[in-house]
Amino acid sequence: MMTRLTIIFPLTLLFSASLVWAAEPTFKKIVLSDKFYAEGSHYGDFNKDGVLDVFGGPYWYEGPDFTKKHEIYEVEAFDPESYSENFTAFGVDLNADGWDDIFVCPHPGKDSFWFENPKGKEGHWTKHPGPINLGNESQCWVEIIKGSGKCVLYNRDGYLGFETLVVQNGEPQWTFHAVTPEDKRFQKYTHGCGAGDVNGDGRVDVLEREGWWEQPQDPNQTPWIFHKFHFADAAAHMLVYDVNGDGLNDVITAWHCHLYGLVWYKQIKDADGNIDWERQEILPIVPDLNSDALRITQMHSFDTADFNGDGLLDFVTGKRFWAHGSRGDKETDAPAVVYWFELKRDGKGNATFIPHKIDDNSGVGTQVTAVDLNKDNKPDVIVSNKKGTFVLLQN
């Protein structure tokens, strides 16, 4: 069913085809917490020992075994019937002091904040304000303007745009760049955004459910060039990658991140260079509820990695457990699954995705992270959600 991904979500790993695993990947689940602290978690080397650590909510956990935890801020567990103050989060050095900090996107529409790494000292990390009015339920951390570094992509006050970061005298200075004109569809609870080079001109474009915004030669031009196309009713993270190997980047996302449907769009370009899209279903938009065929609701977040070492990017997603509480969604109490989807190409311009279950009692949040945590050249998965915080370590 599919072929190449330009990742919208940062820190994806791509491995050589010579590293193909001898057997299908299996995963060991490490339960870091069974409390609902956050729906976003990420990683960084927070003690500068050369080993990646992970964090979820108020704690960071020392790699490589993640048994020792450190409190970042005052601990507060949230009611799983409600929502957290951490929808997505990223480990990144924000003040250029060489130590990884933590950037947090809270409940949509609120102001972001970041925690400054205390450089090996115990105690709570200092909290600083970040960009204001962060809308969208699954923001991205990605480089959009080449050479400017990675930044947060989100909705703000009726605009879709991104925030660039420059450090001056040890303090991050943020600047918001609107990609779109003002539009009421870019409100705080809007679903779906992504970034990648859609048209192959070497510049990163921005995607949302109703189309893609082409980056002009001058990225400060506002608005960017809009190409209308209905990618989804309610998208999640939108991945850009050449799925079928034809040299054209395609798009992968959820059709509705609170219902059903997993799709990829094959890019079709005519002789004049005009781009159109052909929808391919990975999981059905309207599933047969009496069938045993795989169906997943609440596919609210995505990330990419080469899970089997064949040189092609795969992706990971799953069920966001109790997205709207215990009674708010379709099949609310279905198993909280995590799946990676293996990309297979036939060499003739066609591609399929094969689902592989990682776990059935964790799920994803509004963020899921794929990264090689232990330097074995095999990507692992980090999730935080209403069931807790988990590391799914590839064996």
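This chain uses plain numbering: 1 for the first residue, then up along the sequence. This structure is a prediction, so every number in the text was calculated from the model and none was measured.
Counting only N and O atoms by type, the side chains of Asn395 and Thr26 include a donor and acceptor under 3.5 Å apart. If you check the side chains of Glu39 and Asn86, you find no donor sitting under 3.5 Å from an acceptor. When only modelled atom types and interatomic distance are considered, Glu81 and Ser326 share a side-chain donor-acceptor pair under 3.5 Å. Between the side chains of Thr389 and Ser33, no donor-acceptor pair of N or O atoms lies under 3.5 Å. For the residue pair His300 / Ser138, a side-chain donor-acceptor distance below 3.5 Å is found, with atom types taken as modelled. Gln367 and His42 share no donor-acceptor pair across their side chains, judged by distance under 3.5 Å alone.
A 4.5 Å side-chain heavy-atom check between Val152 and Phe162 finds every atom pair outside the cut-off. Proximity of Phe307 to Gln394: side-chain heavy atoms (C-beta onward) are separated by under 4.5 Å at one or more points. Under the 4.5 Å side-chain criterion, counting only non-hydrogen atoms from C-beta, Trp212 is in contact with Asn199.
Counting all heavy atoms, side chain and backbone alike, Gln139 lies closest to Gly135 at NE2-O, 3.3 Å. The two atoms that bring Thr366 and His237 nearest to each other are O-CE1, 3.6 Å, heavy atoms only. Counting all heavy atoms, side chain and backbone alike, Asp100 lies closest to Asp45 at OD2-N, 2.9 Å. In plain terms, the two heavy atoms of Tyr154 and Pro131 that are nearest each other are OH-CB, 3.8 Å. Across all their heavy atoms, Gly325 and Thr332 have their closest contact at O-CG2, 3.4 Å. The two atoms that bring Val316 and Val368 nearest to each other are O-CG1, 4.0 Å, heavy atoms only.
In this structure, Phe229 and Tyr265 have perpendicular ring planes: the angle between them is above 60°, well past the 30° mark. The aromatic rings of Trp60 and His70 lie parallel to each other, their planes meeting at an angle below 30°, with 60° marking the opposite boundary.
A donor-acceptor pair under 3.5 Å is absent between the side-chain atoms of Asn374 and the main chain of Pro64, judged by distance alone. The backbone N or O of Leu259 lies less than 3.5 Å from no partner atom in the side chain of Thr297, so there is not a single donor-acceptor pair. In this structure, the side chain of Asp197 does not engage the main chain of Val204 through any donor-acceptor pair within 3.5 Å. Using a distance-only test at 3.5 Å, with no hydrogens or angles considered, no donor-acceptor pair links the side chain of Asn155 to the main chain of Lys188. Judged by distance alone, with hydrogens and angles left aside, the side-chain atoms of Glu62 form no donor-acceptor pair with the main-chain N or O of Asp53 at under 3.5 Å. Although no hydrogens or angles enter the test, the distance criterion places no donor-acceptor pair under 3.5 Å between the side chain of Trp99 and the main chain of Pro118. Looking only at distances, a side-chain donor or acceptor of Ser148 sits under 3.5 Å from a matching main-chain atom of Ile145.
The aromatic ring centres of Trp255 and His230 sit less than 6.0 Å apart. With ring centers used as reference points, Trp277 lies under 6.0 Å from Phe231. Less than 6.0 angstrom separates the ring centroid of Phe115 from the ring centroid of Tyr73. Ring centers of Phe36 and Trp322: at least 6.0 Å apart, outside the cut-off. You'll find the ring centres of Phe55 and Phe46 inside the 6.0 Å limit. Taking the six-membered ring where the residue is Trp, the centroids of His191 and His256 are separated by 6.0 Å or more. In summary, the aromatic rings of Phe315 and Phe302 are positioned with their centroids under 6.0 Å apart.
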Evaluate the criterion salt bridge (Lys or Arg N to Asp or Glu O under 4.0 Å) for residue pair Lys319 and Glu331; output intermediate values, then yes/no. CA-CA 10 Å; Lys319 178 182 175 68; Glu331 298 189 271; over 6 Å; no

For the pair Glu137 and Arg320, evaluate salt bridge (Lys or Arg N to Asp or Glu O under 4.0 Å) and give the outcome as yes or no after the intermediate values. CA-CA 12 Å; Glu137 292 193 11; Arg320 180 187 173 198; 3.8 Å; yes

Test log, rule side-chain contact (heavy atoms from CB on, under 4.5 Å), inputs Thr369 and Val383: CA-CA 7 Å; Thr369 300; Val383 294; over 6 Å; no

Steps toward side-chain hydrogen bond (donor to acceptor under 3.5 Å, both in side chains) verdict (Asn308, Glu342): CA-CA 8 Å; Asn308 58 355; Glu342 177 186 5; 3.0 Å; yes

Report the C-alpha distance between Asp276 and Asp270 in whole Å, list the side-chain angles of each, state the deciding distance to 0.1 Å, and finish with yes or no for side-chain contact (heavy atoms from CB on, under 4.5 Å). CA-CA 8 Å; Asp276 202 357; Asp270 66 20; over 6 Å; no

Passes side-chain contact (heavy atoms from CB on, under 4.5 Å), Leu32 versus Tyr37? Steps please. CA-CA 11 Å; Leu32 303 183; Tyr37 293 128; over 6 Å; no

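A single hydrophobic cluster is seen to contain both Val31 and Leu392, as judged by linkage of ILVMFWY side chains at heavy-atom distances under 4.5 Å, directly or through other members.
Taking the centre and axis of the six-membered ring of Phe321, the NZ or CZ atom of Lys386 falls outside the cone set by 45° and 6.0 Å. Geometrically, Lys69 engages Tyr59 in a cation-pi contact defined by less than 6.0 Å to the ring centre and at most 45° from the axis.
How far CG of Leu294 is from CG of Asp292: 11.0 Å, rounded to the nearest 0.5 Å. For the atom pair CG (Asp272) and CG (Asn274), the distance works out to 5.5 Å, reported to the nearest 0.5 Å. Note that CD of Glu76 and CD of Glu74 are 8.0 Å apart. Values are rounded to the nearest 0.5 Å. Taken to the nearest 0.5 Å, the CG atom of Asn385 stands 12.0 Å off from the CD atom of Gln298. Taking SG of Cys105 as the start and CZ of Phe113 as the end, the distance is 9.0 Å to the nearest 0.5 Å. Remark: Asp329 CG to Cys257 SG distance equals 9.5 Å, nearest 0.5 Å.
The local environment of NZ in Lys48 is crowded, with over 12 non-hydrogen atoms from other residues, nucleotides or ligands closer than 6.0 Å. More than 12 non-hydrogen atoms from other residues, nucleotides or ligands lie less than 6.0 angstrom from CD of Glu278. Counting heavy atoms of neighbouring residues, nucleotides and ligands inside a 6.0 Å radius, atom NZ of Lys29 exceeds 12 of them. By the 6.0 Å contact criterion, NZ on Lys28 is open, its count of non-hydrogen atoms from other residues, nucleotides or ligands being 12 or less.
Not counting sequence neighbours, the partners of Glu163 by the salt bridge (Lys or Arg N to Asp or Glu O under 4.0 Å) test are Arg156.
Electrostatic pairing of Asp201 and Arg203 counts as a salt bridge here, judged by a charged N lying under 4.0 Å from a carboxylate O. Taking a cutoff of 4.0 Å between a charged side-chain nitrogen and a carboxylate oxygen, Asp372 and Lys378 do not qualify as a salt bridge. Electrostatic pairing of Arg185 and Glu210 does not count as a salt bridge here, judged by no charged N lying under 4.0 Å from a carboxylate O.
Note on residues 103-118: pairs passing side-chain hydrogen bond (donor to acceptor under 3.5 Å, both in side chains), not counting sequence neighbours, are Glu85-Lys110, Asn95-Glu116, Glu116-His128.
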Without placing hydrogens or testing angles, list every side-chain donor-acceptor pair under 3.5 Å for residues 168-181, not counting sequence neighbours.
residue, atom, partner, partner atom, Å
His177, NE2, Thr164, OG1, 2.7
Thr180, OG1, Leu160, N, 3.1

